[in-house]
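Report on the following structure.
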Amino acid sequence: KFSKEVKYIAGLFDLSYGSLFERDINLFYKTFLNYAVNHSNWGVFIKPKHLKMDEFPNKTINDTMLKLRKEGRCVVVDDAQNTSPAIAGYVADLCIGFHINSAAIVTAINGSISILWDVSGSTYHPLYKFNDAIIVYPNIKDIVSFLDRFATGKENSSDKVKRDRLLNK
């Protein structure tokens, strides 16, 4: 359950990863958990692929998550294996997927704005041109800028989302 101060909720999805993506997955969680820490009206809803978040191998990420949980600004799906990613689309205002992943695509199909961080920079991927519900960024800083614009009301219409996608903002 989120605190009353939370106005916006970002759903976060990772994927199964090994050492190849360890640095990037840490950056993903640090970026969006710290975004919530620095913006008191933001909360995060985390649906990890497999790993239990309290077993996350990065202490800084665990500590940040614990801080947000105590403040009522972080909810982690306990049974991620048996929980549909579509649930995040109902809970969150927008969903952010690590890399090109099916969970964020499922939430988009169910009507949520989904943002994908394309770690590999595969700008030829068809999802770059999919539709207004999925936005793919190769740079995580662009997603943070999107969150800033979203929270100020400048990104709440699909016209704005579509315009920014077409202009590659």
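All values below were derived from every heavy atom in this structure, side-chain atoms included, with hydrogens, water molecules and symmetry-related copies excluded.
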- Taking side chain as C-beta onward, heavy atoms only, is F2 less than 4.5 Å from I9? yes
- Knowing that exactly one of L12, D93, V77 qualifies, which makes a side-chain contact (heavy atoms from CB on, under 4.5 Å) with F45? V77
- Message: Can you tell me how far apart CZ (R149) and CG (D142) are? Round to the nearest 0.5 Å.
- Response: 8.0 Å
- Is V37 close to K67 at the side-chain level, that is, under 4.5 Å between some pair of heavy atoms? yes
- How close do S114 and A108 get, heavy atom to heavy atom, and via which atoms? OG-N, 3.4 Å
- Task: Identify the heavy atoms of V76 and C74 that sit nearest to each other, and give their distance.
- Result: CG2-SG, 4.0 Å
- Is any side-chain heavy atom of F28 closer than 4.5 Å to a side-chain heavy atom of V119? no
- May I ask you to test the D118-N139 pair for a side-chain heavy-atom distance under 4.5 Å? no
- Task: Find out whether Y137 and L116 are in side-chain contact, i.e. whether some heavy atom of one side chain is under 4.5 Å from a heavy atom of the other.
- Result: no
- Message: With side chain to side chain contact (heavy atoms under 4.5 Å, CB included) as the criterion, how do V75 and I46 come out once you've worked through the C-alpha distance, each side chain's angles and the decisive distance to 0.1 Å?
- Response: CA-CA 6 Å; V75 172; I46 301 173; over 6 Å; no
- Message: Restricting to side chain to side chain contact (heavy atoms under 4.5 Å, CB included), what partner residues turn up for D63, sequence neighbours left out?
- Response: K59
- Item | Heavy-atom check, side chain of F32 versus side chain of I143, under 4.5 Å | yes
- V44 and R73, any side-chain heavy atoms less than 4.5 Å apart: no
- Message: To the closest 0.5 Å, what do you measure between CZ (F13) and CD1 (I105)?
- Response: 11.0 Å
- Message: Applying side chain to side chain contact (heavy atoms under 4.5 Å, CB included) to N41 and V6, what does each step give before you reach the verdict?
- Response: CA-CA 4 Å; N41 60 346; V6 172; over 6 Å; no
- Query: Just how far is it from atom NE2 of H99 to atom CG of D14, taken to the nearest 0.5 Å?
  - Reply: 12.5 Å
- Message: So does N34 get a backbone contact from the side chain of N38, meaning a donor-acceptor N/O pair under 3.5 Å?
- Response: yes
- Query: In Å, rounded to the nearest 0.5 Å, how long is the span from CG of L147 to CG of L94?
  - Reply: 6.0 Å
- Query: Rounded to the nearest 0.5 Å, how far apart are CD of E22 and CG of N58?
  - Reply: 8.5 Å
- Query: Atom OG1 of T64 and atom NZ of K30: how far apart are they, to the nearest 0.5 Å?
  - Reply: 8.5 Å
- Query: Any chance the side chains of Y29 and D24 put a donor and an acceptor closer than 3.5 Å?
  - Reply: no
- Query: Can you tell if the side chain of N62 reaches within under 4.5 Å of the side chain of M65, non-hydrogen atoms only?
  - Reply: yes
- Item | For A10 against I96, the heavy-atom pair lying closest together | CB-CD1, 4.3 Å
